[in-house]
Each structure stands twice: as structure tokens, then as C-alpha cells.
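Not measured: the values here are computed from a predicted model. As the structure lists them, so they are numbered: ligands from 1, and atoms in each ligand from 1. Starting from 1, each residue takes its place in the sequence as its number.
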Amino acid sequence: VEFVKLAATYSKVNLGQGFPDFPAPDFLTEAFTRALGGGNHMLHQYTRAFGHPPLVKVLAQFFEKLLGRDLDPMTNVMVTVGAYHALFCCFQALVDEGDEVIIIEPFFDCYESMVKMAGGTPVFVPLRPNPPKDGKLMTSADWQLDPAELASKFSERTKAIVLNSPNNPLGKVFSRGELGLIAELCVKHDVLCISDEVYEWLVYDGKRHIRIASLQGMWERTVIIGSAGKTFSATGWKVGWVVGPDRLLQHLRTVHQNSVYHCATIAQEAVAQGFQRELMLYGKPESYFVQLPKELQQKRDWLVQSLDGVGMKPIIPEGTYFLVADISQFKSDVPDVPNSDEPYDYRFAKWMVKNKGLAAIPLSAFYSKAHKNNYTNFIRFCFAKEEATLKAANDILQKWKQEKTSS
Ligand code: PMP
């Protein structure tokens, strides 16, 4: 919240908060316009509480394909107000007083507070960086769980683990081996998996996103969370969903019914049409789910080059539209604030937006209080931006480098 406000006040180029500054695809906005002005006036009224029927039906069809199992659109799919509301429903429905929930660090910041709001206790386990020895740039795959450390976090109080692959902020795409390890522990300890897969289509370099629910013993204990905002580059629409077994979703429906009850009908209708199109074009070059990652990979590579060129070492992400960069070589640029316990990455991000007009988010914001201080040398950029925006960021960085070398 603090950095969104700073970006609004000072930034010339905002690579902070995670949303595209390019338009949503025409087929999606046209579907919205058709729904709004077309002949069906009932699209201006409430629809089915747990999901507009055309949307839950097409989501069920789509996920049947992805998961290789039959799904009932009425009981295995639920539409939410963005993935954020899906997360809220999960934590409220599945976590009770005294339950422990394992969260892998760094994590999307609301997990911790939502677990606490439900009366649960977050238990953190970090992805640990192993820089490559050959001097190459680090990639998000170099951040890994320590299997023994992960296993040690499971106890009889563990109710769930939150998995976010591809991961915000690092862009890590968990491998089959890593998912297998998590799945094994979930089955062994009878633990649920809240699987936040909002960046499922944003995977690069030929990598594949693997759904943990498709692993042995996991369907019955996993809730998959998705977002039309991320999937179709329309974050303002706030359409999200959960897919999972009825035994879990029935409890999510209770929270849904007693929080928002309905989600906006027209946005659901348009997203349903977007999925119809994608179902028809599945795997084909014209599919948005094929085109978007291709375009984003190019944008990622531009930003990697810009940052590397000025010594702000990027960690190459395998997925998402975020990139974390190492700012440890910039300590002399940022004035020390005496008697302040504010971490370096917070001071750096504030200083950068105020003095250079470039907005980013400090990485330690994605860590628990106990571990924040171990990760203060990084900031996160979002590269889901127009070419002109990324070029403007590059200009700022280049000018900065020139000033540094001439001073
Ligand atoms: N999960 C993750 C990992 C996210 O990064 C975001 C959005 N930044 C969300 C959930 C929320 O998605 P939505 O905008 O659909 O509510």
C-alpha cells in the first residue's frame, strides 16, 4: 500500500505493482462490450451465486483437459472476486484456531495476514539461493527448498501448505521433483494444499507448469486458484476461480455466500467467452495462452539486459511477470538514515522512486518479520509493460550509470 502510493506520487516509470500497462486482448474486451450492449438484459442482473453457469461450465471443460479428470462445474468450480477473494475463502473455510499453515518464502504478502485472520499460525520455510559457481546470472531455479527443513515444518497441527507456482515475486516455476516432495509430505501428514496458480500461463524458455493436483494423492487435498486478471491481462475485472474437490469447495461456498455472495455477471460472461475461444485454439499459435508468454519472455529479456548493463544483477525468472534484482552494488547511492531500522531495500526503493522516478518493490516485503532482515539486497520489478515503458526504464538506468561513472 505504501509503495503503490509512492509510485503514484513520484514515479515516471512504474515497474512496481503487478499489472500490465498494455491493453487486454480485443477478443476479451469485445466479449465484454457484446455482453453489455447485446440483447440479453439479464446479464445486468445477479447470476448464480457460486459462478455464472457459462463460466463454471467452460472452466470445468478447460480444467478437465489440464488435469485429465472429469469435473462437475457446479461442485468442482467456484467463481470469486479475483484470486484474492479465492484465497480469502480458502483460509476462512479451511483454517481454524490453532491450525498451522506452511508458507514458502518469499510469498505473496496477503497469505500471512489471511492465515492470521482465520486464527491460524503461519509457519515459514524459505527458498534458499544457491548462486551458480560459473559467474553466470542466477535464475529463479537457483532458489530451492531444503528438503529436510521443509519436512521439519510439518507437524500434527499442520492444516495446509500454500504453494505458489509460478511464484510471485521470484518467478520460480517449481519442478516435478520439488512438487513431488511437497505432495509426499502432504499425503504423509494429511495436509491440504492451497495452490495459487494465477501465473499458470506465464512460463518461459519452453518450461512447463505442472499442477500439483495432478500428482498422486493430491486431487482430494488441493484447491487450485486462478485469475482472469493475470490470464487475460485484465486485473481490474477481478474475476477469479477455485477448482477442487467438492469436500473442500463446499466449505468455501459457505464463506463465499456470507462474504460477497455474487460476482459481477458481465465480467464473468466475457471471461467465459474468452475461455471458449482458448478452448477452441488450445495449443495453437493463435491462442492467447501461447502468445502472451512469448511476448512477455521478450520483455523479460529486455529488462534483464537493462538491469545487467548497470550492475543491478537480475535473477532470471522462469515464469510470472516479475523479476527480482540484486541491488547490493548500489549501497553508496542511497544516503544512510541515522537511527533508522528501515531495511536497505525499503530505503533503496523509496530513494529510487523519489530521485530517479523509477518504482519497484522491496523484496523483504515478501518475507515474514523474523526473516526480513536476511533478504534486504533485492527489489522486484514488474515487466508486463509496453515496450515504451521498458525503454523509458532503460533510459533512467543508463543515465544513472553515466552519472555514477562520471562522479
Ligand atoms: N496470487 C498472487 C500470487 C498474485 O500475485 C495476485 C495478484 N498480484 C493474486 C493472487 C490476486 O489476484 P487477483 O488480482 O485475481 O485478485
Side-chain angles (χ1 to χ4, degrees), residues 1 3-4 7 14-21 24 28 51 55 59 77-92 101 103-115 117 122 127 140 143 160-174 193-203 209 211-212 222-243 252 255-256 259-260 263-264 267-268 270-271 274-275 292 296 317-324 359-363 365-367 380-385:
V1 172
F3 282 90
V4 168
N14 185 0
L15 304 188
Q17 216 188 347
F19 57 82
D21 71 348
L28 193 78
L55 181 55
L59 280 169
V77 182
M78 185 177 87
V79 176
T80 55
V81 184
Y84 216 93
H85 178 229
L87 288 163
F88 180 78
C89 289
C90 284
F91 292 120
Q92 287 294 319
V101 177
I103 298 176
I104 300 168
E105 290 179 305
F107 58 90
F108 182 47
D109 53 352
C110 71
Y111 301 158
E112 178 179 9
S113 35
M114 285 195 189
V115 167
M117 273 178 75
L127 286 164
S140 54
W143 291 60
I161 181 166
V162 188
L163 173 69
N164 175 213
S165 180
N167 161 277
N168 173 10
L170 279 174
K172 179 181 173 66
V173 177
F174 283 68
C193 180
I194 298 170
S195 186
D196 181 341
E197 303 183 25
V198 298
Y199 300 104
E200 61 193 319
W201 300 106
L202 310 185
V203 176
H209 168 60
R211 293 174 174 77
I212 197 166
T222 302
V223 182
I224 302 170
I225 295 175
S227 162
K230 310 293 173 178
T231 300
F232 290 113
S233 311
T235 56
W237 288 21
K238 291 297 289 183
V239 175
W241 56 84
V242 291
V243 174
L252 271 65
V255 180
H256 190 291
S259 52
V260 300
C263 308
Q268 293 191 67
V271 171
F275 267 105
L292 180 63
L296 285 170
E318 307 153 275
T320 76
Y321 44 51
F322 299 111
L323 188 164
V324 169
I361 308 272
L363 185 71
F366 299 87
Y367 281 86
R380 188 202 74 176
F381 294 97
C382 170
F383 56 83
K385 305 292 171 190

List the residues meeting salt bridge (Lys or Arg N to Asp or Glu O under 4.0 Å) with E112, not counting sequence neighbours, and say none if there are none.
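Testing E112 for salt bridge (Lys or Arg N to Asp or Glu O under 4.0 Å), a comparison that skips the adjacent residues, returns K116.
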Is the shortest heavy-atom distance from the side chain of [X] to the side chain of [Y] under 4.5 Å?
| X | Y | value |
| --- | --- | --- |
| V239 | C263 | no |
| F366 | N168 | yes |
| P20 | Y321 | yes |

In this structure, which one of F108, F19, Y199 forms a ring pair (Phe, Tyr, Trp, His ring centres under 6.0 Å) with F322?
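Exactly one option meets the ring pair (Phe, Tyr, Trp, His ring centres under 6.0 Å) with F322, and it is Y199.
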Identify all N/O pairs between ligand 1 and the protein with a separation under 3.5 Å and present them as a table of atom names and distances.
from: ligand 1; atom 1: 1 (N); to: D196; atom 2: OD1; distance (Å): 3.4
from: ligand 1; atom 1: 1 (N); to: D196; atom 2: OD2; distance (Å): 2.6
from: ligand 1; atom 1: 5 (O); to: N168; atom 2: ND2; distance (Å): 2.9
from: ligand 1; atom 1: 5 (O); to: Y199; atom 2: OH; distance (Å): 2.6
from: ligand 1; atom 1: 8 (N); to: K230; atom 2: NZ; distance (Å): 3.0
from: ligand 1; atom 1: 15 (O); to: A83; atom 2: N; distance (Å): 2.8
from: ligand 1; atom 1: 15 (O); to: S227; atom 2: OG; distance (Å): 2.7
from: ligand 1; atom 1: 16 (O); to: A83; atom 2: N; distance (Å): 3.1
from: ligand 1; atom 1: 16 (O); to: Y84; atom 2: N; distance (Å): 2.9
from: ligand 1; atom 1: 16 (O); to: K238; atom 2: NZ; distance (Å): 2.7

S227 side chain vs V198 backbone, donor-acceptor pair below 3.5 Å:
no
